[in-house]
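What follows is a short report on a single structure.
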Amino acid sequence: MEDLIRYVQDTLIEKKELPDFSAGDTITVYYQIREGQKVRTQFFKGVVLQRRGSGATETFTIRKMSGSVGVERIFPLNAPAIEKIEMNREGRVRRARIFYQRELTGKAARIKEKRRG
Amino acid sequence: MPALIGKKIGMTSIFGPDGKNVPCTVVEALPNVVTQVRTQEVDGYQSLQIAGGGERKEKNTPSALKGHFKKAETTPKKLVVEYKDFDNSQYALGNEISIELFEEGEYVDVVGTSKGKGFQGVVKRHGFAGVMQASHGQHNRLRAPGSIGAGSDPSRVFKGIRMAGQMGNKRTKIQNLIIMKVDKDKNLLVISGSIPGPKNGLVIVEK
């Protein structure tokens with residue numbers, strides 16, 4: 001039964017080639033928006049708060065500060081509107097969901113960069 | 001109206017043609033069998049009887065039904081339904097009706113038995129608000145229905161007053177759902193929205 005659900009997801013939802021990002025990373029999402037007949041590309045740059053769900057219906061939440069107001073957006077990972085995702089910064093965080101970021105501003109909201117090598 | 005018996009598999013979501021995320025239910029509808037063709041001459045009315053929903057164990061089938069299925073040269077099935085206005089001129093006894101009955105983008109109704117909720121009060125069953133407060137002398141009647149009518153005139157409770165009682169486990173029809181996808185290899189229908197009943201429950205998809 002679960003197999004049939006998975007089969008439907010696999011056949012009907014096109015999987016995309018996206019970078020492997022996780023909570024704490026800063027990414028830029030380029031996505032299309034439709035205004036009447038015109039299709040335009042917009043981007044949203046922010047910190048990934050969480051990845052949620054599994055398989056073809058997975059979503060992710062990203063947050064940015066717009067002036068002094070926090071803005072969050074949830075995207076389905078395989079949404080057709082997403083053109084590409086750019087990795088800007090890999091952050092080192094200790095948990096998979098970093099909702100504590102919402103309470104932090106300024107210096108306290110900084111996230112350490114992941115050390116490589 | 002044409003109809004097909006199927007089994008609810010579960011829910012997922014897919015992206016529609018306009019890129020929107022649409023919640024969907026997957027229904028597996030294995031080919032149904034025509035078990036009787038009723039005609040004006042013989043029965044006095046026109047209809048088509050179909051059976052489906054999976055195999056039924058021989059030992060759990062009443063003898064009368066066993067004979068009925070044998071006549072159509074098929075094995076016992078779980079559910080038998082009959083539909084008037086199902087154009088029966090192109091079907092004969094024992095024919096199979098496949099999922100090709102449906103096209104993508106078509107509107108359908110889905111019939112099923114809703115999940116049983118047991119004996120429920122009026123707040124859950126009918127959406128009453130309850131008394132909304134626990135103070136001002138209220139005590140243990142937060143979810144009470146309130147008045148059920150006037151007093152000495154009419155001296156009775158009118159029929160149809162909404163009260164507590166059995167909720168769910170009842171035949172339910174959801175109308176105007178859209179067929180998003182038809183998978184002919186695996187006999188799957190992907191229907192927009194939710195449909196009544198638990199996973200593995202039998203449903204009838206009506207055109």
Side-chain angles (χ1 to χ4, degrees), chain A residues 1-18 21 27-44 46 48-63 71-86, chain B residues 4-31 52-55 78 98-99 102-106 110 112 115 177-195 197-203 205:
Chain A
M1 204 177 73
E2 283 297 311
D3 304 342
L4 287 176
I5 292 277
R6 189 150 306 146
Y7 168 80
V8 167
Q9 287 176 351
D10 289 346
T11 48
L12 296 187
I13 300 176
E14 209 177 319
K15 289 237 167 102
K16 299 194 168 189
E17 289 285 322
L18 298 173
F21 58 87
I27 61 172
T28 313
V29 181
Y30 293 86
Y31 61 99
Q32 294 174 338
I33 56 166
R34 192 173 292 255
E35 287 174 334
Q37 286 303 312
K38 268 195 298 189
V39 179
R40 192 153 80 69
T41 303
Q42 251 188 9
F43 68 89
F44 192 100
V48 179
L49 289 194
Q50 66 166 342
R51 287 178 70 143
R52 192 162 199 267
S54 63
T57 54
E58 190 176 347
T59 62
F60 61 90
T61 307
I62 67 177
R63 175 185 175 87
V71 179
E72 284 181 23
R73 261 202 86 144
I74 301 170
F75 289 98
L77 195 64
N78 292 306
I82 294 183
E83 264 178 13
K84 62 170 180 179
I85 291 178
E86 220 171 66
Chain B
L4 208 62
I5 302 167
K7 190 171 85 170
K8 175 169 165 179
I9 300 295
M11 290 193 73
T12 181
S13 66
I14 64 168
F15 295 99
D18 53 353
K20 286 217 172 102
N21 199 354
V22 188
C24 289
T25 312
V26 182
V27 171
E28 184 184 34
L30 297 169
E55 299 299 319
K78 275 193 179 141
S98 81
I99 208 154
F102 298 105
E103 282 167 30
E104 279 162 28
E106 212 167 28
V110 180
K115 280 184 185 172
L177 302 173
I178 304 171
I179 302 255
M180 303 296 289
K181 226 63 182 187
V182 179
D183 190 310
K184 283 165 189 163
D185 303 332
K186 299 229 169 195
N187 294 304
L188 294 179
L189 287 175
V190 181
I191 302 172
S192 73
S194 55
I195 65 176
K199 286 177 192 173
N200 281 329
L202 293 185
V203 293
V205 185

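We use all heavy atoms of the structure for the numbers below, so side chains are in, but hydrogens, waters and symmetry mates are not. Below, chain A is the first sequence line, B the second, and so on; all start at residue 1.
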Euclidean distance, [Y] [atom2] relative to [X] [atom1], rounded to 0.5 Å:
X	Y	atom1	atom2	answer
A:Thr28	A:Ile85	OG1	CD1	9.5 Å
A:Phe43	A:Lys84	CZ	NZ	10.5 Å
B:Lys8	B:Asn200	NZ	CG	10.5 Å
A:Leu4	B:Lys7	CG	NZ	8.0 Å
B:Leu189	B:Leu177	CG	CG	11.5 Å
B:Lys199	B:Thr25	NZ	OG1	11.0 Å

- [ ] Measure distances from B:Leu188 to the heavy atoms of chain A and classify the residue's part below 4.5 Å as side chain, backbone, both or neither.
- [x] side chain
TODO: Could you look at B:Met11 and say if it's the side chain, the backbone, both or neither that has a heavy atom under 4.5 Å from chain A?
DONE: backbone
Open item on the list: Counting only heavy atoms from other residues, nucleotides and ligands, does the tally under 6.0 Å from NZ of B:Lys20 exceed 12?
Closed with: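 Check fails, neighbour count at 12 or below.
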Task: Sorted by number, residues from residues 72-79 of chain A in contact with chain B (heavy atoms, under 4.5 Å) - done: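 Interface residues of residues 72-79 of chain A: A:Pro76, A:Asn78, A:Ala79.
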